Trainee: 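I have a structure here, written as structure tokens, and I will follow up with some questions on it.
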Amino acid sequence: MADVGSISLMMSFVVIIYSIIAYIVGLKQQNKRLVKSAQNGVLANTILVTVASLSLLYLLATSDFSIEYVAQYTNRTLPMIYKLSAFWAGNTGSLLLWFWVLSIYGAIVAFSKNPVGAKLKPYASVVMLLIGLFFSLLLNFDTSPFAPLGFVAQDGAGLNPMLQNIGMVIHPLTQFLGYVGLAVPFAYLMADLFLGEKGASWIKVTRRWVLFTWLFLTIGMVSGGEWAYVELGWGGYWAWDPVENASLMPWLTVTAFMHSVMIQEKQGTFKIWNVLLMAASFLLTIVGTFITRSGILASVHAFAEGRTGFYFLIFMFIIVVVTLFLFFKRFKSLRSESSTESLISKESSFLINNILMVVISVVVLWGTFYPLISEAIYGVQITVGEGFFNQTTIPFWIAMVILMGLCPLLPWRKSSTKGLKKKFGVPLFLSHIFGFVLFFIGIRDFYPVVTFAASFFVLVTIVQEFWQGVRARKSNTGEGVIRALLNLVGANRRRYGGFIIHIAVIMMVVGITGSSAYQEEVLVTAERGEVIETKNYEMTYNGLQVAEDPHSAVVYAEMDVYRNGNFYATLRPAQEYFGASAEQDSSAQVDFKSGIREDLYIILSGWDESGDTATFEVVVNPLVSWIFWGMRLMVIGTAIALWPDRGHYSRMLLKERYSVSKEVS
Amino acid sequence: MNKKLKIGIGILVLVLGLSYLIFSGVRNFSSYSLTVSEVFAQSEGLYGERLRVSGEIIGESVDWNAEEISLNFKLKDEGGTDDIQVKYNGVKPDNFQDGITAIVEGEYTEAEYLRADKLMMQCPSRYEAELEDGSSEGHPEEVEIK
Amino acid sequence: MGLVAALILGVLVLYLIAYPILTNDEIENIDYQQRIKSFEEAGNFVDRDVILAEISELELDYHLDNLSEEKYRDFKERLEELLAEKEN
């Protein structure tokens with residue numbers, strides 16, 4: 001099966017080169033047959049890469065230990081789901097995953113039926129193929145997942161215990177779907193610049209695609225945090241690690257892009273800005289991959305494999321040069337005539353929101369690469385800790401939350417003070433009251449109070465918006481409240497889907513604020529029968545138990561937990577031992593009880609030989625579950641915004657043609 | 001004119017605020033990344049500095065006190081002989097074993113040990129290393145892969 | 001195993017990329033089909049100029065031999081029908 005995989009990878013390399021040439025020649029000679037052939041070449045490539053990927057999955061599933069990759073990341077006793085997810089556990093496998101997703105997206109681009117992008121489509125396909133060519137080169141000539149081990153191992157090394165969690169399935173897949181997804185708008189952007197289309201069509205073609213990509217970037221990032229939280233056993237979900245930052249930066253720039261694109265759609269301004277944002281976003285995904293591959297920044301996620309990182313550096317350099325070349329070539333045609341008229345308008349608040357996101361990305365980029373910057377300047381690597389990122393970005397995050405309340409309600413162009421009072425009077429009043437209530441119940445730190453009050457402000461503005469919409473609809477159509485609400489959302493999916501996404505973001509903001517500002521942690525060694533107290537919890541340590549199955553052995557502590565004197569839960573924090581040699585691979589299995597108010601989170605860290613005393617780390621994490629529920633709501637909101645309208649393409653096409661014919665006549 | 005001025009002032013405030021935040025952030029939260037032998041070589045010059053050191057854990061030096069919840073151990077460079085003492089008030093993380101690379105962050109004291117407040121393990125690459133070492137020795141039949 | 005797979009995949013790939021070049025079928029069909037359909041669906045929102053532009057493009061493609069006689073007549077008829085609706 002391994003030869004099937006490597007043969008299809010090799011053939012895919014040839015097909016990619018053929019398709020690129022066929023596209024270029026076909027487009028130049030206006031030979032539609034050749035272009036069609038190239039388009040089929042894209043499909044052929046997708047089939048080949050799919051065959052290669054399936055054969056790797058087959059090798060992993062059947063534990064073929066004559067293959068180095070299989071022997072490195074799996075063993076016989078591993079459950080099937082983790083055998084399969086070992087696909088992306090290592091460097092070369094995750095490159096193949098990237099390539100696979102890219103090829104599928106490439107076929108979607110090449111066979112897209114969206115009439116607006118018809119002209120850009122073949123050119124965008126060439127860009128997709130060129131990106132694919134890079135990965136094909138790596139997988140064929142640098143590091144292949146199908147490389148033989150040279151002998152047949154008795155058993156494989158097994159998957160790192162920390163990777164054996166459902167997060168291993170969700171997080172990398174969604175992260176990759178998101179990362180690679182940015183290649184599509186980037187490809188259309190390059191096509192647009194190349195053809196001198198004035199930076200308008202690519203935005204229309206890729207609007208929904210960007211939202212789709214953004215959703216996966218969000219799920220990837222948050223599910224990564226959730227995975228760390230439930231599995232890694234340090235009570236947190238985010239540590240400003242270089243690799244985490246690498247997923248945050250493109251998320252920020254894409255979020256900024258999704259907002260500024262609305263201005264371009266409405267007014268035709270901000271073209272240059274949008275071009276730069278998308279190019280930066282795509283580049284940042286490559287930077288992210290580069291950080292993991294090169295091991296250049298000490299990270300807990302690093303694969304640390306030598307040359308791959310160097311090739312990524314070359315690839316990044318080429319992207320930057322080509323993008324800048326096309327950008328300056330088309331610079332004049334991108335410049336827009338009109339500028340914002342009033343400081344208090346949707347445009348300018350969007351502009352500020354954009355600036356904030358970009359500022360945060362720049363700060364994060366600076367902090368992430370500071371070890372390299374400082375080495376270049378001072379000759380010594382200096383790393384900045386979590387404190388740096390928190391201190392520098394928190395003011396900007398808060399400003400962004402406040403803007404989330406303002407932006408959607410401000411009118412385009414200009415606004416009168418009277419209209420503003422009407423819109424913001426109630427939310428402002430209520431959020432101030434809310435802030436004072438917080439102060440009275442004892443939440444008095446500056447940042448948390450401001451953040452909570454600002455979040456409340458946003459929530460009230462959104463509820464008000466829904467309410468006004470429903471009321472208007474009710475009086476117009478005589479529908480009931482629920483029916484009116486459903487129809488309102490259904491008729492303006494993009495707008496109300498956006499509001500739901502904003503509520504989800506607010507939930508996450510509240511969760512992040514609560515858990516980072518008010519986390520309480522105790523480290524304690526307890527004897528059997530001893531009661532551990534923290535906050536309003538009392539936990540009794542009832543000794544250790546052992547549970548064994550063929551795959552692993554689990555040592556767990558029984559803890560009866562009381563909250564405010566009432567029985568709350570029995571928690572069983574554990575250490576799990578994998579494989580035969582018990583002492584070797586252990587991993588903490590935290591146990592926690594999640595609640596709306598707070599999570600109680602217990603880690604069993606160690607014990608003495610008799611099991612009479614054991615050491616625990618007990619963490620009380622306020623509001624942390626809000627982050628993960630916020631993510632789920634965000635998926636719903638995005639689905640609403642993305643849901644296709646009937647006759648969507650027809651209307652897009654008409655709009656496009658209509659505007660063209662108007663210009664002509 | 002008026003509008004441009006406002007925008008200009010806005011940008012100025014933003015840039016100034018941002019650079020203040022960045023510079024004070026760097027000053028307060030930075031630590032030097034050094035190898036064990038570098039710390040060993042310039043020991044005295046580093047008293048009171050915040051360091052970030054990565055090195056292999058020396059298994060026999062690990063001393064874990066459950067009562068006080070303190071973890072003392074030594075780190076060395078891969079293949080090196082110099083070592084430094086680390087004192088950490090916290091629990092052993094997963095995979096805290098001999099030969100595994102740990103990253104510690106904390107203040108280097110005059111008593112020539114590192115008072116760590118952060119201890120991280122670098123693990124995902126570990127399995128690779130084991131297997132590669134084994135196969136490169138040329139005794140494939142004898143390789144013991146767990 | 002590898003040889004068989006290579007053979008099957010090779011034939012498939014060659015078929016895919018060679019077919020459009022060697023065949024006599026017109027490749028433009030799908031595009032026009034799609035576009036005309038969207039015109040028809042959109043009904044009265046269509047601008048007269050848009051249909052005229054579409055017809056001229058159709059004719060150009062026909063003269064460049066990208067379209068069979070039969071398809072060309074069919075598409076043109078449908079477009080002219082739409083145009084006639086406009087004129088009324």
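Proteins get letters first, then strands, A, B, ... in listed order; numbering begins at 1 in each. It should be emphasised that the depicted structure is a prediction, and the values quoted were computed from it without experimental measurement.
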Trainee: side-chain contact (heavy atoms from CB on, under 4.5 Å), that's the test. Do A/I7 and C/L9 meet it? Break it down for me.
Mentor: CA-CA 9 Å; A/I7 287 169; C/L9 288 171; 5.6 Å; no

Trainee: Which bit of A/V14 is near chain C, if near means a heavy-atom gap under 4.5 Å: side chain, backbone, both or neither?
Mentor: neither

Trainee: Please identify, among A/V35, A/N45, A/V15, A/L48, the residue contributing the most non-hydrogen atom pairs under 4.5 Å to chain C.
Mentor: A/L48

Trainee: Looking at A/V51, A/N40, A/L43, which one has more heavy-atom pairs under 4.5 Å with chain C than the rest?
Mentor: A/N40

Trainee: For residues 96-107 of chain A, pull every pair meeting side-chain hydrogen bond (donor to acceptor under 3.5 Å, both in side chains), keeping only residues two or more places apart or in separate chains.
Mentor: A/T50-A/W100

Trainee: Might you point out which heavy atoms bring C/G2 and A/V4 nearest each other, and give the distance in Å?
Mentor: CA-CG2, 4.2 Å

Trainee: Taking atom OH as the centre, does A/Y58 end up with more than 12 heavy-atom neighbours from other residues, nucleotides or ligands that are less than 6.0 angstrom away?
Mentor: no

Trainee: In terms of heavy-atom proximity below 4.5 Å to chain A, should C/L12 be classed as side chain, backbone, both, or neither?
Mentor: side chain

Trainee: Do the non-hydrogen side-chain atoms of C/L16 and A/I47 ever get within less than 4.5 Å of each other?
Mentor: yes

Trainee: How long is the straight-line distance from CG of C/L22 back to OG of A/S37, given to the nearest 0.5 Å?
Mentor: 9.0 Å

Trainee: Under the side-chain hydrogen bond (donor to acceptor under 3.5 Å, both in side chains) rule, what pairs show up with a residue in residues 126-138 of chain A, not counting sequence neighbours?
Mentor: A/S136-A/N140

Trainee: Count the heavy atoms of every other residue, nucleotide or ligand shown that sit under 6.0 Å from CZ of A/F212, and state whether that count exceeds 12.
Mentor: yes

Trainee: Report, as yes or no, whether the 6.0 Å neighbourhood of atom CZ on A/F141 holds more than 12 heavy atoms from other residues, nucleotides or ligands.
Mentor: yes

Trainee: C/V13 and A/M11: which non-hydrogen atoms are nearest, and at how many Å?
Mentor: CG2-CE, 4.4 Å

